[in-house]
Enquirer: 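One structure follows; several queries about it will come next.
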Amino acid sequence: MRPLIFEIGSPGRKGYALPVLDLPRKEPASFIPPHLLRQVPAALPEVSELDVVRHYIALSKKNFSVDGNFYPLGSCTMKYNPKVNEDIVKQPRYLNLHPYQKEETVQGILEILFELERLLCEIIGVDDFSLQPAAGAQGEFTGLLMMHAYHRDRGRPRKKILVPDSSHGTNPASGALCGYEVVQVKSNSRGRVDLGELKRLASPEVAGMMLTNPNTLGLFEEEVLEIAECIHKIGGLLYYDGANLNPLLGMARPGDIGFDIVHVNTHKTFSTPHGGGGPGAGPVGVKRFLAKYLPVPRIVEERSGYRLSRDFPKSIGKLNAFYGNVGVLLRACIYIRALGKEGLLKTAHHAILNANYLLKKLEAYYDVPYPEMCMHEFVLSAGRQKEKGVRAMDIAKRLIDFAIHPPTTYFPLIVPEALMIEPTETESRQTLDYFVEVMQQIAKEAEENPELFHEAPVSAPLRRADEVLAARNPVVKWEKKRSNEVSMAAHST
Amino acid sequence: MRPLIFEIGSPGRKGYALPVLDLPRKEPASFIPPHLLRQVPAALPEVSELDVVRHYIALSKKNFSVDGNFYPLGSCTMKYNPKVNEDIVKQPRYLNLHPYQKEETVQGILEILFELERLLCEIIGVDDFSLQPAAGAQGEFTGLLMMHAYHRDRGRPRKKILVPDSSHGTNPASGALCGYEVVQVKSNSRGRVDLGELKRLASPEVAGMMLTNPNTLGLFEEEVLEIAECIHKIGGLLYYDGANLNPLLGMARPGDIGFDIVHVNTHKTFSTPHGGGGPGAGPVGVKRFLAKYLPVPRIVEERSGYRLSRDFPKSIGKLNAFYGNVGVLLRACIYIRALGKEGLLKTAHHAILNANYLLKKLEAYYDVPYPEMCMHEFVLSAGRQKEKGVRAMDIAKRLIDFAIHPPTTYFPLIVPEALMIEPTETESRQTLDYFVEVMQQIAKEAEENPELFHEAPVSAPLRRADEVLAARNPVVKWEKKRSNEVSMAAHST
Amino acid sequence: MDYISNTPEDEKVMLERIGLSRMDELNRPIPEKLRLKRFRIPSGLSEIELKNTFFDKAKKNLNTLICPSYLGAGAYDHFIPSVVEHITGRGEFYTAYTPYQAEASQGMLQAIFEYQTMIAELTGMDAANASLYDGASSAAEAALMALSIQEGKKKVLVSAAVHPSYREVLKTYLSAQPVELVEIPYDPVEGRTDLKALDRLLSEEVACCLVQNPNFFGSVEEMAQISEKLHARGILLVSIVYPVSLGLLAPPGEYGADIACGEGQSLGNRLLYGGPYLGFFATRRSFLRKIPGRLVGETRDAEGKRAYVLTLQTREQHIRREKATSNICTNEGLCALTAAVTLATLGKTGIQEVADQCLQKSHYLAARLSRLHGFRLRFRSPFFNEFVVESKKGISLLEKRLLQKGILGPLPLKDFYPELKDCLLFCVTETKTKQMLDDLVRVLSL
Amino acid sequence: MDYISNTPEDEKVMLERIGLSRMDELNRPIPEKLRLKRFRIPSGLSEIELKNTFFDKAKKNLNTLICPSYLGAGAYDHFIPSVVEHITGRGEFYTAYTPYQAEASQGMLQAIFEYQTMIAELTGMDAANASLYDGASSAAEAALMALSIQEGKKKVLVSAAVHPSYREVLKTYLSAQPVELVEIPYDPVEGRTDLKALDRLLSEEVACCLVQNPNFFGSVEEMAQISEKLHARGILLVSIVYPVSLGLLAPPGEYGADIACGEGQSLGNRLLYGGPYLGFFATRRSFLRKIPGRLVGETRDAEGKRAYVLTLQTREQHIRREKATSNICTNEGLCALTAAVTLATLGKTGIQEVADQCLQKSHYLAARLSRLHGFRLRFRSPFFNEFVVESKKGISLLEKRLLQKGILGPLPLKDFYPELKDCLLFCVTETKTKQMLDDLVRVLSL
Ligand SMILES: Cc1ncc(COP(=O)(O)O)c(C=O)c1O
Ligand SMILES: Cc1ncc(COP(=O)(O)O)c(C=O)c1O
């Protein structure tokens, strides 16, 4: 156990130095009335720079990551994050740009953002993009607000939004945030949107539908044009959840197959690092007829250069205090330029190849609820293993013993004991073979030694963590009194 | 076990891309006769960028370091390496300077190097410095060559060089490289140079003496002026091995206490990272009467700016193809400017404080061959433990189980079962207390459970490595045939 | 350039295994008519070309490292200790996903738990979450949470002295809700929320009121008074704060704020032209189950060792779907880590010293400017490190002159507050020296 | 600023423990008269000040990233894959000491073992050491090793086409030895070692002969011929090579070199105004126990698992003292790691492609220059990526013009070879584009 940073250090220890104040200092109270000043200093750590380094290096070693591990976390597209992207962003002329600098002093970054919008339009098959949303979920919210504005403008505000029952939780949550009643569309036996059911639900109250394609089972919705037609017929709009865009790069474009509004997750498809939980970026693209609703400001190209324009009276407004997660967007742009046309297509190909190769090699050992060719990911069920008392979560935890990050579990909700596996294109056949070996061994263990799993992981620095205990009486902040836990292990890692 | 990089990857896999050649390509044989060309390509790895990242991250995790561990390796001054130094060096205008750029294009770096020479002169108490030597040992060699040139110029070349029996191996080795016969001076019962013995050995054949002060026992040679007098009387020169300079910063200056030639190890005293075995830098300073012998080129300040001058006919010549380890020297300069006068003195104080605190707390558990106040380090003997069959090396290995890097062992040679401990000033009392706890526990284990030690380390990823086996039939290069060792663990870390 | 690991040989073996013979057959699941025919993206670039391309573009930017900047207004160039990026640059952190699997993510989980604690300490609140997108959306989420707590109340008040962009985002977030958003004017002399106007707007229908402190003009609000007024009417106080100022100013917890939120960029995150930044969010313990976003909690592992997990996940979209407290999923984990490392490095004294230097230096500049012909301080309230100056010398003329001298900012207010068209918002942080401030004054006095 | 962790409270407790009462009593072991009285060092600086100070100094440098450079001569600006510094920048590597304690240093040991293997592969030799200081000192150490192997022989030959600074360092290293160093002239037409002159200098007294390939002028030497001549007289061949060229040129092992050594900077190490660089050193298996410097060997741990250790340490100074094969201790571990990561990333095809682009681009430039009025190729031997051009247009004039256009290099040879005072040494690497080369030609043709 690594002690908390509050449990190391010692009163008066410092890890920083500021320049000596080069002005005559006055008492703060001479500038600000005392009742507005802080009485008790915040109890922050008191540590040296060396303490900081050792502490966080020790923590970093307790974290699985793409840099360290195979990370087939379904729906998250945990591909390799190229180092050159990090290096380019780390130039002072990108890092130190203030968002309120005059436009003439930031032409370089505006040019890049404008270029990224154009590239995304071409990749997605839409006409205009806003880079402002900070992640996929905010992109969804943005998209739905545009849908909302569109219907309002046409004098026909609507009440409902459709989502498949296999959809990601952000879809209904974003719908609700937009004031919509969320209606789930059942999947058919092939794991696709049930067209009959859809037609039944498609009433004039419906603002539109959110869909990801390939869907969260990793299956391509072949009837997407029919779905689009059905939605469009009632005056609704079709929204594309871009989380699964990776296998479509250069293969098919959401804008060409019936979608009106699209978000992309740069932190999935475009290799921007996920950061241990963000930051990401969720640019939103639309067909021309919706462009007027895009968030402001928008980047416009003029003879004198690039400019941020707020001159879009129909815009839904702002989602972010400034222009979005520029540092992330910059990486996405570099990545697209690196890959280019051929690289993007190759990416899609190998994402699909890797997933299908794994699927084929694992199908003998685990239940495959939808046995057909998948796109970039697929879902297994641990149904067979569950009969022995080994659940999807147990398998996930056991994988940690083999230095493999577990797949996504229990999602999509329509597959019992789901294990959602997305290898991504950057992994090699050797790595996949290793994963297969491990998964086979685990399947065998589940047969022969199911008790083992209640212990798993057995080799991680930590044994199974008790989530129920955590939620019962939540402790979300360290309190000094518990510091008696600190042991001489303070210096171990 | 992590496989070798040659054991991962696969034929045809690539981890790089070059720009497409933008010229018409011709066959190499049209430029260079075929018999001068390579026939068989070098069997280098064939891996992806992701393979590279995972491989070296996995390796990095198998390495103790100052950033990760308490590292009291005596004589090595493993202090914290400030991160700001790394950041400053990583500017393009330092990283990408070619050594043959015209002087007018490198005034910034020349200014820094010149400044560093001046700072070192003031810290050491000498008149001139050369930054060219790449490490301490090359500094010694440089210094002795100057000694050699000095005697030759005076028409009295000499044969012998004196070194204490407690001296570091580089001292005699450098002496030999200079063609000197190396004569060891015995230490007295207080661990100091035996002045009587020295006087006996000090003949006109002696070119000089190499000494470090505090010596390798961590003890200050109080009779250094008498030693200097003795050496100077016979026309010899006194050389200061700067490995132990840390506790003298701001406290005393080698140049003031009788030394004529001095090297410093920037990678010890001045916090330049040791790099897992270099690079370091070993600048050499001299009193005015020796300055003419310093290596060329030397940096001179002129009205028009800084210039590299070779105009020193008495110079011993060059030691390095260019001007030394500039990247390292730059860090040293930043460090000295960061600390300044007060910081340097504080550094010496805390180096001494930490060592003496440890010594006091450990003296009850281990033999202390020279029980008195030490400087920045001290030497224990595991004599008591050896009686139980536990040797210094066993204790060293056992420390690894507690995430502490072992002290230097079996050095200096005059202490049996030596454990040479140098905590450095950057460690905190808490860390020292943890070390004491562990050392106490180990002493107890040595009493009660000496067998344990033959197994140590028991928790490291690796158990005791067999050095004898390695030397018997040395394998210093991977050969393909042994690749059958690779297992599915290829992906474990 | 691509990042594919499989070789042509691998392709062959793998295609065979899945019963295909050519790579382009991998489009099989996509019906013919849906397949893309033409893809107009430029060809890929190698590393050397990428670096050249993006270095050239970078050269078209000026920046706050080269040019002293007096821009603030929600994005600040504070001292970032070198150690910070050495840690956040470790692949183990930045290439991980959200720590869903606790046993494989203790590093990030513990770091975020520590972050939560630091934010709670700094704001004086009981509990903080693991991050939201940015300051503006954290304010919007605060309003949504307050509305959910205050079920049935349908009005939200916001001070006109709150950052104009935050107010815009708030408006966007509430635009699809049956809620009325009402602005409290600011006092044109004080540059603070008009407390009399506030009094008039208080009612039982109001769920919450958002006030920023220091506000957009840099003025320090009378938060305790406001808090008292609101609480007397059962209204929740959302306090939007600038974390660095809390080294010196009374924290939200001290004056009874119900939610403290804001922008955490100032804690070690780079300016980066506006993002990624860090929405922080802290509240009372009793509201824990209403909090938006991730929360890390302490627990035990099977052997009883202390461990950390994502907790109270039933608040979240992946469990509760449309009933979730927020739709947020990916948040700003690495920015939170950055803030935590920065706060750890600065520590207890550092945050105070930084705040004090901001205060001292900004007041030095303000004093000098107020003595300059043609300039005057626009407002008379106490301020922290930002202040508004009115000048009759012509704002665009001044702007041009400053840029010529390689100085960025201050920020003209005309686009934000038309009535302040002759005003500039100055920001001074600890990174400025007396020399720089004197230079600025000289340039303005020309 | 300092990096002390102890607080004043710690000082108190610790002083007490060791029986002192004040910090300044810590000088007690130093006799009064030896203590320093006055210390004239400027006061310390904070991080902000350090960065400002050293950024300002950096601005006084031009560099090869901003300015296309045609300088080579032992230091080359090759492509460095981004991944390299992400790895060498990990504290676990760069803040470790030499891996004396195998069980705590397997990472570095394995990396160095891999490096040794790569160098051996690249040079075609049996074994390589863990590094020496730089190319020049590795050549000097090679001569010393040869002298030790050839006990009794007291002459060392070196080609005049070896880098002049290497010859100087060699001279320095041998200056205290009873050894004669003799130079073999270069052929003024070919720009290669004069083989006839070599023939005349061969004798039984010669221990070894050092030849560089490609040599200082960039010319490719007839190494196989030289090797044969030397071996016929029992003389060891020390081949100083430019590792990147070995992607294309015959490796030392192929033509029977006894020692292959040189400068490894070109393998991913930054130019950094000349250092730290990387001396590499490879030889025959039979000379293993004569090798200077560290060697990593494979072994087993107590459980039989493969493990790595420093081996054959009895060659070294810390065991053998004055009888050691070299005095080297700290070497260039991190630069060796850098080279290993670079070689791994480039891999088998990359090193060939880099070498090929160097060849193609340099020959394109040479061809264009040789057609330019007032310029001619000085030598007629085949070359790799460097070549000497003679111009009657006045070298210093050309230098001035190039610098005005922001171009660094080529290198004037007058300080190295007075007889080549009208000559320039051009170097072209894969980082150059046709556009850059055409620009260069245009500038020179003005
Ligand atoms: C299918 C799907 N939709 C939406 C999202 C939400 O995206 P973000 O996390 O960027 O907000 C995710 C993220 O996991 C997803 O997998
Ligand atoms: C006392 C002493 N002298 C000399 C040296 C040699 O210095 P370097 O390793 O820099 O060559 C050392 C290094 O450990 C040392 O401890």
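Naming: A, B, ... by sequence-line order, numbering from 1 per chain.
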Enquirer: Go through D/Pro81, D/Gly89, D/Ser46 and name the one with the most non-hydrogen pairs under 4.5 angstrom from chain C.
Expert: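 Highest number of heavy-atom pairs under 4.5 Å: D/Pro81.
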Enquirer: When the ring centroid of C/Phe387 is compared with that of C/His363, is the distance short of 6.0 Å?
Expert: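 No, too far apart.
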Enquirer: Does any backbone or side-chain atom of C/Lys59 lie under 4.5 Å from a heavy atom of chain D? Answer side chain, backbone, both or neither.
Expert: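 It is neither, since no heavy atom gets under 4.5 Å.
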Enquirer: Picking from D/Glu92, D/Glu49, D/His86, which has the most non-hydrogen pairs under 4.5 angstrom with chain C?
Expert: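 Answer, by heavy-atom pair count under 4.5 Å with chain C: D/Glu92.
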Enquirer: Would you kindly check if the NZ (Lys) or CZ (Arg) of D/Lys432 is within the cone defined by 45 degrees around the ring axis of D/Tyr70 and under 6.0 Å from the six-membered ring centre?
Expert: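 Pair D/Lys432/D/Tyr70 counts as cation-pi.
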Enquirer: In terms of relative ring orientation, are C/Tyr76 and C/Tyr242 parallel, tilted or perpendicular, with 30° and 60° separating the classes?
Expert: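 Judged by the thresholds at 30° and 60°, the geometry between C/Tyr76 and C/Tyr242 is parallel.
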Enquirer: Do C/Leu403 and C/Leu62 come within less than 4.5 Å of each other through their side chains, counting heavy atoms only?
Expert: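 Yes, side chains in contact.
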